[in-house]
Amino acid sequence: MAEAAGAYLAWWNLAGVDCAVGETPVNWLRPAPTAAPIGESPAVSQAPSRSLPQSLEAFLAWLAEAADQPERRWPGTPIRPTGPTNAPLMIVTDMPDPADVGAGHLLADKAGQLFDAMLRAIGLGRADIHLASLFLSRPPGGMVEASDLMAAAARMRTHVMLAAPRRLLLLGDRTIRALLPENHRLPNFNHDDGTVPVFATFHPRLLLGQPAAKAECWRILQSLIEEMPQ
């Protein structure tokens with residue numbers, strides 16, 4: 001057996017295969033590139049453009065009706081964003097929790113009670129804010145593909161532009177990473193037509209399980225209060 005194994009390794013060595021892995025990853029399933037004809041430049045791929053809605057009402061209708069939204073593949077009734085335009089604060093979470101699905105609105109049950117307390121601490125109620133989620137419904141297992149997350153982040157930039165809030169608050173790590181991928185401490189969020197001051201903190205669901213994080217959350221809310229116009 002040992003002699004057979006040695007002969008096998010020696011054969012691969014003669015063939016030039018002398019290590020298990022290379023220094024850089026290789027996509028062995030990638031199709032071979034096709035050479036462009038002489039005198040022609042390779043085609044540059046471009047993402048298909050779409051006509052952006054020109055009002056929040058049109059945008060919400062597009063969210064609900066467009067067949068290519070990721071939520072069309074998932075069960076459950078989508079939970080639409082709520083709240084006025086030009087609100088003093090827009091709050092964005094990642095997706096409905098299981099309790100939200102049953103209640104038919106975002107941030108229900110105990111997480112919702114804590115969320116309402118957070119709003120009262122900064123002098124606001126749900127009627128004062130614009131509340132939205134990256135995804136309108138909950139995928140199986142709460143897991144999303146990277147391509148869906150990118151699409152949700154892109155449409156949220158349009159959503160923020162049309163809602164035109166004076167401040168933006170992001171809840172939860174997944175929301176923060178999707179909308180602020182380069183630097184979680186950016187002072188402004190770049191939407192489709194400008195910027196808006198942005199703050200980020202823990203999702204209430206995490207605060208329920210990790211009460212020690214409430215101190216950091218309160219610090220961020222205090223910073224938000226200081227920045228809000230009187």
Side-chain angles (χ1 to χ4, degrees), residues 25 27 29-30 45-53 56 58-83 89-101 105-108 111 115 129-163 165 167-207 209 213 217 220:
N27 181 2
L29 300 179
R30 180 183 60 194
S45 62
Q46 297 180 348
S49 60
R50 64 176 174 85
S51 177
L52 296 177
L56 183 61
F59 176 82
L60 295 181
W62 172 73
L63 279 181
E65 299 169 3
D68 59 347
Q69 304 290 5
E71 292 86 351
R72 301 291 89 78
R73 309 194 308 268
W74 306 336
T77 302
I79 298 178
R80 290 166 58 95
T82 59
L89 183 64
M90 178 175 178
I91 299 180
V92 180
T93 182
D94 55 352
M95 65 178 62
D97 283 336
D100 303 346
V101 175
H105 63 84
L106 292 172
L107 294 160
F115 175 70
I129 66 168
H130 191 88
L131 179 60
S133 54
L134 282 173
F135 296 101
L136 278 67
S137 57
R138 186 174 182 84
M143 303 298 293
V144 295
E145 299 177 4
S147 58
D148 290 338
L149 195 60
M150 292 177 62
R155 72 186 185 186
M156 184 56 69
R157 287 190 285 272
T158 302
H159 190 163
V160 174
M161 176 191 70
L162 297 172
R167 297 289 183 273
L168 182 65
L169 178 63
L170 309 181
L171 298 180
D173 184 69
R174 178 155 43 188
T175 308
I176 296 168
R177 289 181 181 275
L179 297 179
L180 301 177
E182 296 179 357
N183 188 338
H184 289 190
R185 299 191 180 277
L186 283 176
N188 292 295
F189 172 74
N190 298 319
H191 55 69
D192 282 356
D193 190 36
T195 64
V196 61
V198 64
F199 300 81
T201 190
F202 304 105
H203 195 286
R205 77 168 79 94
L206 183 141
L207 297 176
C217 178
I220 295 169

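Hydrogens, waters and symmetry mates play no part in the numbers below; they use all other heavy atoms, side chains included.
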How long is the straight-line distance from [atom2] of [Y] back to [atom1] of [X], given to the nearest 0.5 Å?
| X | Y | atom1 | atom2 | value |
| --- | --- | --- | --- | --- |
| Arg177 | Leu170 | CZ | CG | 13.0 Å |
| Phe189 | Met90 | CZ | CE | 8.0 Å |
| Leu168 | Leu179 | CG | CG | 7.5 Å |
| Leu131 | Leu106 | CG | CG | 5.0 Å |
| Met143 | Leu149 | CE | CG | 10.5 Å |

For [X] against [Y], the heavy-atom pair lying closest together:
| X | Y | result |
| --- | --- | --- |
| Ala200 | Ile220 | O-CD1, 3.0 Å |
| Arg155 | Pro70 | NH1-CD, 3.7 Å |
| Glu71 | Leu136 | OE2-N, 2.9 Å |
| Ala132 | Met156 | CB-CE, 4.3 Å |
| Val160 | His191 | CG1-CD2, 4.0 Å |
| Leu134 | Arg174 | CD1-O, 4.4 Å |

Sequence neighbours excluded, which residues qualify as side-chain contact (heavy atoms from CB on, under 4.5 Å) partners of [X]?
| X | result |
| --- | --- |
| Ala61 | Glu65 |
| Ala58 | Pro53, Ser55 |
| Ala213 | Phe202, Leu206, Leu207 |
| Thr195 | Asn188, Asn190 |

Could you pull out all residues at least two apart from [X] that satisfy side chain to side chain donor-acceptor pair (under 3.5 Å)?
| X | value |
| --- | --- |
| Asp100 | none |
| Arg73 | Asp148 |
| Thr201 | none |

Sequence neighbours excluded, which residues qualify as salt bridge (charged side-chain N to carboxylate O under 4.0 Å, His left out) partners of Arg157? none

Those residues at least two apart in sequence (or on a different chain) that pass salt bridge (charged side-chain N to carboxylate O under 4.0 Å, His left out) with Arg205 are Asp94, Asp97

Can you name the one residue among Ile176, Thr175, Thr93 that meets side chain to side chain contact (heavy atoms under 4.5 Å, CB included) with His203? Thr93

Could I get the full list of ring pair (Phe, Tyr, Trp, His ring centres under 6.0 Å) partners for His159, not counting sequence neighbours? Phe59, His130

Taking it one step at a time, do Arg80 and Leu63 satisfy side-chain contact (heavy atoms from CB on, under 4.5 Å)? CA-CA 8 Å; Arg80 290 166 58 95; Leu63 279 181; over 6 Å; no

Here the ring pair (Phe, Tyr, Trp, His ring centres under 6.0 Å) pairs for residues 133-152, sequence neighbours left out, are Trp74-Phe135

Qualifying side-chain hydrogen bond (donor to acceptor under 3.5 Å, both in side chains) pairs, either residue in residues 132-143, two or more places apart: none

